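Heads up: the structure comes next, in structure tokens.
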Amino acid sequence: MAGRPVSFLRTALLELVQGPWRQLWLVSPALHLEALRPLLPHLEREGGEVMVLTDLSHQAIGEGRVELAALKRLKRLPGCEVRWLTDLGACVYAAAGGSAVVGSGPLTPEGLEGSRQYGVVLDDSGPVLADVLAWWESARRLSPQEWLALEDRVALRRDAYRVGAELSRLGAFVRVSARGTRRSRRLDPKDFGVLAMGGVRLRPMDVTLCRLDVVSRAKDDLDALLAEKGLEWNGQYLVPRRFLEQEWPAIFAARERQLAAQLDDPEQKAALEAQLREAREVVSAFLGDLCPFVDAGDTPADAWVREQCARLVPDDMAQAIRAEAGLEYRVLTILPEDRRSVEELDQLLQHPRLRSVQLTFPV
């Protein structure tokens with residue numbers, strides 16, 4: 001299969017489509033209208049068939065690798081059919097019974113005119129078309145309804161990328177949260193073999209064992225600081241990228257060190273132990289009321305209550321609570337995928353206070 005190497009694919013492709021053909025194949029994973037325009041006058045010949053294999057996935061079209069405008073223009077050609085071939089990587093342009101251009105350049109301006117693209121012109125397209133025909137048979141046709149759905153999906157995805165690009169330019173959403181600020185136990189009488197008490201059905205009881213107010217205060221401090229610098233929106237903050245990358249880590253690390261020192265403070269440890277003692281008293285009273293109705297075997301009532309209370313509020317709980325308590329923040333990357341999210345974020349990006357953030361912290 002003799003071939004002639006070419007480094008400028010546009011000229012070779014124009015020669016191919018200008019020549020004699022009744023059936024032409026355009027196989028490309030990317031497709032742009034600008035690259036297609038010079039070919040259109042030669043593709044609109046009477047009685048000709050144009051077979052197009054490309055990537056019709058939402059991702060390819062949404063990211064612009066395959067332009068919807070190019071697909072619409074191809075579909076208006078007489079005798080043209082477009083099919084979707086997944087995982088397509090080859091770039092093949094061939095005329096049945098004629099020559100073929102095979103190379104690295106997709107049907108885009110860069111692909112046809114790029115200085116680092118390369119291809120081979122084959123005088124006989126037969127061996128190449130044998131493989132292309134097999135691909136064509138396995139490719140997928142889109143129904144009219146699927147074409148309409150694709151257009152709607154692409155329009156939404158473009159809006160989503162536009163909003164996402166604006167968010168990336170301004171900054172990022174940050175959510176600050178606290179860990180270990182509250183613990184609770186749901187005490188269900190059924191766990192102790194008691195379904196009813198004096199003919200009245202017992203309800204489960206939620207007991208708050210402890211609340212680390214020092215952690216909550218640390219989170220409030222960070223929230224207040226971030227509110228001074230950015231914009232609050234549904235519990236999240238949009239902060240400029242420069243602030244997030246350069247200033248925020250140091251501020252957060254300082255709050256974390258302060259929190260760790262406060263949690264290890266003897267006064268804080270004593271306060272936590274006092275909260276746990278109070279929780280044990282509440283739990284013991286609850287279990288003491290249950291005890292007459294519980295089948296505890298030969299275990300004395302006070303011993304049974306102590307065992308259950310130790311199970312629910314163990315002695316080492318204070319140490320475990322301090323170890324897991326802390327602050328955390330997450331940077332949220334948001335790319336809306338539904339119309340309502342796009343509209344809400346559009347409204348947010350028009351907020352006058354948000355624009356003041358952009359001016360205060362240029363990116």
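Quantities reported herein were computed from a predicted structural model and do not represent experimental measurements.
If you chain together hydrophobic residues whose side chains sit under 4.5 Å apart, Leu40 and Leu107 fall into the same group.
Taking CG of Leu14 as the start and OH of Tyr93 as the end, the distance is 12.0 Å to the nearest 0.5 Å. With rounding to the nearest 0.5 Å, the separation of CG in Leu209 from CD in Glu278 is 10.5 Å. With values rounded to the nearest 0.5 angstrom, Ser28 atom OG is found 10.0 Å from Leu13 atom CG. The CD atom of Glu245 lies 11.5 Å from the CD atom of Glu247; values are rounded to the nearest 0.5 Å.
Between the side chain of Glu146 and the backbone N or O of Ser143 there is at least one donor-acceptor pair closer than 3.5 Å. Of the possible polar contacts, none joining the Arg255 side chain to the Leu327 backbone as a donor-acceptor pair under 3.5 Å is found. In terms of modelled atom types and a separation under 3.5 Å, the side chain of Arg10 and the main chain of Gly111 share no donor-acceptor contact. With hydrogens and angles ignored, the 3.5 Å screen pairs no side-chain donor or acceptor of Gln117 with any backbone N or O of Phe8. Although no hydrogens or angles enter the test, the distance criterion places no donor-acceptor pair under 3.5 Å between the side chain of Arg4 and the main chain of Val120. In this structure, the side chain of His32 engages the main chain of Gly64 through a donor-acceptor pair within 3.5 Å. Panel note: side chain Ser104, backbone Tyr118; a donor-acceptor pair is recorded below 3.5 Å. Side chain of Arg45 to main chain of His42: a donor-acceptor pair is present (N/O by atom type, distance under 3.5 Å, no hydrogens or angles). Here the side chain of Ser125 pairs a donor or acceptor atom with the backbone of Gly98 at under 3.5 angstrom. In terms of modelled atom types and a separation under 3.5 Å, the side chain of Ser138 and the main chain of Trp135 share a donor-acceptor contact.
Salt-bridge check for Glu328 with Arg175: failed, with every basic side-chain N at 4.0 Å or more from each acidic carboxylate O. Electrostatic pairing of Arg217 and Asp221 does not count as a salt bridge here, judged by no charged N lying under 4.0 Å from a carboxylate O.
Side-chain contact, Gln23 with Glu49: a donor N or O sits under 3.5 Å from an acceptor N or O.
Test Gln319, Arg179, Arg183 against Glu324 for side chain to side chain donor-acceptor pair (under 3.5 Å) and you get one pass: Arg183.
More than 12 non-hydrogen atoms from other residues, nucleotides or ligands lie less than 6.0 angstrom from CZ of Arg311. Atom CG of Asp315 sits in a sparse spot, with 12 or fewer heavy atoms from other residues, nucleotides or ligands closer than 6.0 Å. More than 12 non-hydrogen atoms from other residues, nucleotides or ligands lie less than 6.0 angstrom from CD of Glu307.
By the 6.0 Å and 45° rule, Lys72 does not stack over the aromatic ring of Trp147.
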